[in-house]
Structure formats: structure tokens, C-alpha cells
Student: 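Take this structure first; my questions come after.
Protein chains get the first letters and strands the later ones, always in sequence-line order, with residue 1 at the start of each. As a basis for the values below, the full set of heavy atoms in this structure was taken, side chains included, without hydrogen atoms, waters or symmetry mates.
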Protein chains: 2
Amino acid sequence: MVEKNPNPLARPLAANEQKLADQLRAAGLRPTRQRIAIAALLLDGRHRHVSPEQLTAEIAKTGMHVAGGTVYNTLNQFTDAGLLRRITLHNEHSIFDTNVDHHHHFYDADNDKLTDIASDDVILAHLPKAPDGHEISSVDVVISITAK
Amino acid sequence: MVEKNPNPLARPLAANEQKLADQLRAAGLRPTRQRIAIAALLLDGRHRHVSPEQLTAEIAKTGMHVAGGTVYNTLNQFTDAGLLRRITLHNEHSIFDTNVDHHHHFYDADNDKLTDIASDDVILAHLPKAPDGHEISSVDVVISITAK
DNA sequence: ATACTTGCAAATCGTTTGCAATACC
DNA sequence: GGTATTGCAAACGATTTGCAAGTAT
């Protein structure tokens, strides 16, 4: 038997990885190497829109490998934990937004691209109250645009 | 009991079917039997939300048969023609709304059900202008709710 | 040690498409 | 008759899942 290792992960964590690990734990997720890799790419504070496909490519670029299914599972776990927001387009695929605050998007159907709507472009006057016994969990405004 | 008709093609159109046929023609669509059947279910003026699956079931209930692919194609044609509006949910499937005016929805994720938001619950203060060279083609607001 | 997580491939889901048969005009 | 439309099944892309192997606590 190997003696008890004070280090949680087999490979020692860099300082920034430690921080991500803590963030994951705080979200109720075990800090595994692949989750940390994904967190390093997405949870650095910058706001981005990523498709699972894109993300898989980025991970590959770092030299690490994460299985396709795991990328999906991880994105869903992060979303359930409130670390990401999922947005489904009229085009049958999802993108994940690292900005979990309520904000809205332009969807350019011609190029299948999402853009944030500048936050000062206030569009919601007020939210209607949810029906009895329900509460609002998220609000998505997608404004589809096409080249004219 | 549905009795098999040896010559289904020869069946004349009922008066209400005539009206639907005209509506389809006006939309640039040939009034075929299956399009009329679908129009009869969806374009009667009532506002509903239907999934392709649901619709297929309803058609079957009338004793008529329309192939699955045709249901999808027809819904898309109707949507392109402006007769329906397509709404994609965070759940990887679409529903078609017979109300083509701009209005918004509650999405009850627990039961996978859409509800219209009462039109007097104004939520859009103003629309941001579309980026250069683009114009707004549609606006979808989906407010997700969960039982509390 | 135990429970959770991953990898991988197969499976599933919703939707689209190709092509021969068929209906509409 | 000529063209649009249908039926079906196969094709599809995105996403999920089952299970054995690996890892966290």
C-alpha cells in the first residue's frame, strides 16, 4: 500500500490550478484533471462563447486529450453548477457562455455566430412574474439578424 | 371506423378545406392533401404550440397518414412562408408556434412546456439596432422557470 | 476502499435528404 | 405533361449513455 498522499491530485497542481480546483469544489464538483483543463480555458474571468466542438479543439491545442463525451458532460455539469450558461440556437446546436449574468445576444443566422448585445442597450423593461409556484431560472433574449 | 378508400385522390375538398387551400396558395405553397391536413390542425386561428412529434400524433388521430419527414418539411415550409414561428428550446428540440406575432414565452423546464407570456406584460423596452449591414429578423425571449 | 469520473464507442434524438412513386395544375 | 410534393429509409449532426478502467477523497 502506498502511504497517504497529502496531495489531492496525482500530479501536483500549479498555483492557478489550485485556485480552479477550489472553485470546482465550491461548485460541488470533484477537481479532476480534465475539469481543471476545461475550467482553465473557460473560467478565467473572460467572457466567451464556446461550442463543444471548439472547446475540444482548444483542449487538443494544449496537448491534453479529453474525450468528446466528457467535454459534453463537463459542460453540462458546469452549467448545472451555474458556472456557465447554455444557449440553444435556432440551428440545432448549443453554445456555452461564460457570462452567467443575464445579458442577451444577437444571432447572425447567416454565419451562425453569436454576439453579445452591449449591456447599455437595455432591452428588458421588466420581467413578468413567473406563474404560481414557479420561479424564473433564466432569461434568454436572442435577436436574430440577417445581412440586408 | 376508417374505411379504406380505393381512390383517395378523387376525394373532393370540403368547403373549409377549400379555404385552407386558398390560404396555402396565397403563401406560395401548393395545396396538397397533407399540407391541408396540417393546415387544418394548425391554421384555424387558434394559438398553439406544437412539436413535430405531437403533430404527427394528431394527424394519425384523424385517420390520415403523413410521413415523418413530410411533417418536418411541411412545418419548415410553413415557417418560411410566415405561417408559423419556430422556437428552439434549451432542450434540443423545436416547437412551432401558430402565433407569428412577436411575443414571448415561459419555458417550464420541469415539464418541457411552453406558455405564452401575457401580451400586456411588456418586457421589451426597446430593441438595440442591429450591427452594420444587418437587420433584425426575429426576437425571441424565453424565460425559463422551475417549480420552487 | 469506495464512490465518482473518464474514455470510448455505440446508441439515441431530432431533423434532413435522396430518390422513385405520386399528386397537382 | 411537366413539375412540385410525398413517402420512406438512409444519412446526419449533435448529444447522451453504458460499461470497463482509472482517479479522487
Side-chain angles (χ1 to χ4, degrees), chain A residues 1-13 17-18 20-22 24-25 27-39 50-56 59-60 64-81 86-96 112, chain B residues 5 7-13 17-18 20-22 24-25 27-39 50-57 59-60 64-81 86-96 112:
Chain A
M1 291 295 173
V2 183
E3 40 198 279
K4 203 162 182 196
N5 188 338
N7 262 346
L9 291 174
R11 168 187 304 169
L13 292 178
E17 290 179 330
Q18 260 310 340
L20 291 168
D22 291 344
L24 291 173
R25 264 192 217 93
L29 297 169
R30 275 196 190 175
T32 65
R33 212 151 305 113
Q34 25 287 299
R35 281 176 185 165
I36 289 174
I38 291 177
V50 208
S51 68
E53 192 189 15
Q54 249 173 68
L55 182 57
T56 303
I59 296 167
M64 188 172 176
H65 173 78
V66 178
T70 301
V71 171
Y72 276 97
N73 290 336
T74 304
L75 287 170
N76 286 335
Q77 288 152 184
F78 281 23
T79 300
D80 289 345
R86 183 181 194 152
I87 299 162
T88 301
L89 303 176
H90 278 206
N91 211 40
E92 324 316 333
H93 68 245
S94 301
I95 65 99
F96 293 82
D112 190 30
Chain B
N5 187 333
N7 192 355
L9 328 181
R11 176 156 49 91
L13 293 179
E17 290 178 330
Q18 263 310 342
L20 291 168
D22 291 343
L24 291 174
R25 263 191 219 94
L29 297 169
R30 269 198 194 172
T32 64
R33 283 285 150 216
Q34 26 288 298
R35 282 176 183 165
I36 291 174
I38 292 176
V50 208
S51 67
E53 192 190 14
Q54 250 173 69
L55 182 57
T56 303
I59 296 166
M64 187 171 178
H65 172 79
V66 178
T70 300
V71 171
Y72 276 96
N73 291 337
T74 304
L75 286 170
N76 287 335
Q77 288 151 183
F78 281 22
T79 300
D80 290 344
R86 183 180 191 152
I87 299 162
T88 301
L89 302 177
H90 279 205
N91 213 42
E92 325 316 333
H93 68 245
S94 303
I95 65 98
F96 293 82
D112 189 31

Student: How do A:Gln77 and B:Phe96 order along DNA chain C: which one's closest nucleotide is nearer the 5' end?
Tutor: A:Gln77
Student: Evaluate B:Asp112 against B:Leu89 for side-chain contact (heavy atoms from CB on, under 4.5 Å), listing each step before the verdict.
Tutor: CA-CA 9 Å; B:Asp112 189 31; B:Leu89 302 177; 4.0 Å; yes
Student: Taking only side-chain nitrogens and oxygens of A:Arg35, does any of them come within less than 4.0 Å of OP1 or OP2 of C:dT5?
Tutor: yes
Student: Restricting to non-hydrogen atoms, name the atom on A:Ala21 and the atom on A:Ile36 that form the minimum distance, rounded to 0.1 Å.
Tutor: CB-CD1, 4.2 Å
Student: Can you work out whether B:Tyr72 or A:Val66 has the more 5'-proximal nearest nucleotide on DNA chain C?
Tutor: A:Val66
Student: Both B:Val71 and B:Arg30 contact DNA chain D. Taking the nearest nucleotide for each, which residue is further toward the 5' end?
Tutor: B:Arg30
Student: Base, sugar-phosphate, or nothing for B:Asn73, non-hydrogen atoms under 4.0 angstrom?
Tutor: base
Student: Once you round to the nearest 0.5 Å, how far does OG1 of A:Thr56 lie from NE2 of A:His65?
Tutor: 9.0 Å
Student: Please name the residue in the list B:Asp80, B:Thr79, B:Asn76 that meets the side-chain hydrogen bond (donor to acceptor under 3.5 Å, both in side chains) test with B:Arg86.
Tutor: B:Asn76
Student: In whole angstrom, what separates A:Asp22's CG from D:dT25's P?
Tutor: 11 Å
Student: Answer with base, sugar-phosphate or nothing: what part of the nucleic acid does B:Thr70 contact at a heavy-atom distance below 4.0 Å?
Tutor: base
Student: With a cut-off of less than 4.0 Å, is there a side-chain N or O of B:His65 near OP1 or OP2 of D:dT6?
Tutor: no
Student: Would you say B:Asn76 places a side-chain N or O within less than 4.0 Å of OP1 or OP2 belonging to C:dT16?
Tutor: yes
Student: Is any side-chain nitrogen or oxygen of B:Thr32 closer than 4.0 Å to OP1 or OP2 of D:dA4?
Tutor: no
Student: To the nearest angstrom, how far is A:Arg25 atom CZ from C:dC4 atom P?
Tutor: 16 Å
Student: Roughly how many Å is it from CD1 in B:Ile59 to P in D:dG7, rounded to a whole number?
Tutor: 9 Å
Student: Could you state the atom-to-atom distance from CG of A:Asp80 to P of D:dT16 in whole Å?
Tutor: 10 Å
Student: Working to the nearest 0.5 Å, report the span between CE of B:Met64 and CZ of B:Arg33.
Tutor: 7.5 Å
Student: Looking at the side chain of A:Gln34, which of C:dT6, C:dC25, C:dT15 is the nearest nucleotide?
Tutor: C:dT6
Student: Would you say a side-chain N or O of A:Arg33 is under 4.0 Å from OP1 or OP2 of C:dT6?
Tutor: no
Student: Using whole Å, report how far CZ of A:Arg86 lies from P of D:dA14.
Tutor: 13 Å
Student: Report the distance from atom CG of B:Leu29 to atom C1' of D:dT3, rounded to the nearest whole Å.
Tutor: 15 Å
Student: Just how far, in rounded Å, is C1' of D:dG7 from CD1 of B:Ile38?
Tutor: 13 Å
Student: If you pin B:Gly28 and B:Gly69 to their nearest nucleotides in DNA chain D, which one's is more 5'?
Tutor: B:Gly28
Student: If I take atom CG in residue B:Asp112 and atom P in nucleotide C:dC13, what distance separates them, rounded to the nearest angstrom?
Tutor: 14 Å
